[in-house]
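See below for the structure under consideration.
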Amino acid sequence: MSHTSAVARASSPAPPSGSHRFSSVINQIAEEMNTLDDHGTPADYIPMLADADPRRFGMAVAEPDGTVYGVGDWRQPFSTQSISKVFALALALSLDGGQLWQGVGREPSGNPFNSLVQLEYENGIPRNPFINAGALVVTDRLQVLTGDAAGQVRDLLRTESGNAAIDFVPQVAASEAAYGDRNAALAHFMASYGNITLPVPALLAAYFRQCSIEASCADLALAAGFLARGGVRADGAALLSRSQAKQVNAVMLTCGTYDAAGEFAYRVGLPGKSGVGGGIIAIVPGVCTLCVWSPGLDKRGNSVAGVSALDRFTTLTGLSVF
Ligand code: GLU
């Protein structure tokens, strides 16, 4: 039985359910994910996320023309968390070009996403923009450039997805702030090396707001479309140059799934970015963008069913960047 449903963002009529290029593949994947023995455990260090049901599963595919379809909980908003870091990075690069790379590297860290150790022997320059320290640097630069980093990220998601209801969840931001000692430590430590411009409390507030944005698989698959279109936004304007889009995809491939990026590249073979809310976006350049959500995480913080579903997608379709 087909569960796929679809919407077309433009005014063109939606094709009948189940008729899209990858409909039968994602239906099959959803059925397979139902039978997984272990769905992992929701993030518990952010109390607002801890109660999620690990068996929930959604998957959406967005094609470059803005058609989006999905299966399961693909319209259910969830906490984007670290997925928001991709959009913050794209905005910072679009406004600041290569300047950004003076304060943050682009090498895999091989350490957990919130690790402090590497920062000390690398003089306060985080390894990449997707570990928390690096994301704090990106948000710092974006806040200085725009005055409202989190608002810019939310607005980019709204514009690219066509969903004006995407927003922050203040309780999630507050819950992160209440348990935010480690992020505060990272920010203060980098500030001691002069690698943070804002006062640390203002930076943390912007970062927690950015991470608290809720969006669905449909929203995020559409919003990441510019990465499958060589940097071109939904309305045809350039957000990034083709080369910058390649750079973001490359950093996602090598650094987007915490210290499991090697395993993710091995299994899935696509640029991807996960968040502890259980979402993962993945890019098939020129073909489509994918977003999966299932809140149960593995030990490294990636959604168990999410990684597995993307693994099955590239296996069943033969599509990957390799
Ligand atoms: N807001 C989370 C944190 O900073 C993001 C973690 C994640 O999704 O990787 O701890």
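Just follow the structure's listing: the first ligand is 1, and inside any ligand the first atom is 1.
Considering backbone and side-chain atoms alike, Glu176 places an N or O below 3.5 Å from some N or O of ligand 1.
Scanning for side chain to side chain donor-acceptor pair (under 3.5 Å) contacts around Arg233 gives Glu160, with sequence neighbours left out. Remark: Glu32 engages Arg312 in a salt bridge (charged side-chain N to carboxylate O under 4.0 Å, His left out) (not counting sequence neighbours).
Within the listing of ligand 1, atoms 5 (C), 6 (C), 7 (C), 8 (O), 9 (O) sit less than 4.0 angstrom from a heavy atom of Ser82. Applying the 4.0 Å criterion to heavy atoms of Tyr207 picks out, from ligand 1, the atoms 3 (C), 4 (O), 5 (C). Of all atoms in ligand 1, numbered sequentially from 1 with element shown, those under 4.0 Å from a heavy atom of Asn132 are 3 (C), 4 (O), 10 (O). In summary, the atoms of ligand 1 found under 4.0 Å from a heavy atom of Cys211, numbered by their order in the structure, are 1 (N). Distances below 4.0 Å separate heavy atoms of Gly275 from the following atoms of ligand 1: 8 (O). Atoms of ligand 1 lying under 4.0 Å from any heavy atom of Tyr45, numbered from 1 in the order shown and given with element: 2 (C), 3 (C), 5 (C), 6 (C), 10 (O).
Under the 4.0 angstrom criterion for non-hydrogen atoms, Phe208 is not in contact with ligand 1.
Tyr69 has its ring centre no less than 6.0 Å from the ring centre of Phe22.
Side-chain polar atoms of Glu214 and Ser79 form no donor-acceptor pair below 3.5 angstrom.
Heavy atoms of other residues, nucleotides or ligands lying less than 6.0 angstrom from CD of Gln76 number more than 12.
Closest heavy-atom contact between Ile125 and Gly105: CG2-N, 4.2 Å. Here the closest non-hydrogen pair linking Asn302 and Ala260 is ND2-CB, 3.5 Å.
Counting heavy atoms under 4.0 Å from ligand 1, residue Ile83 does not touch it at all.
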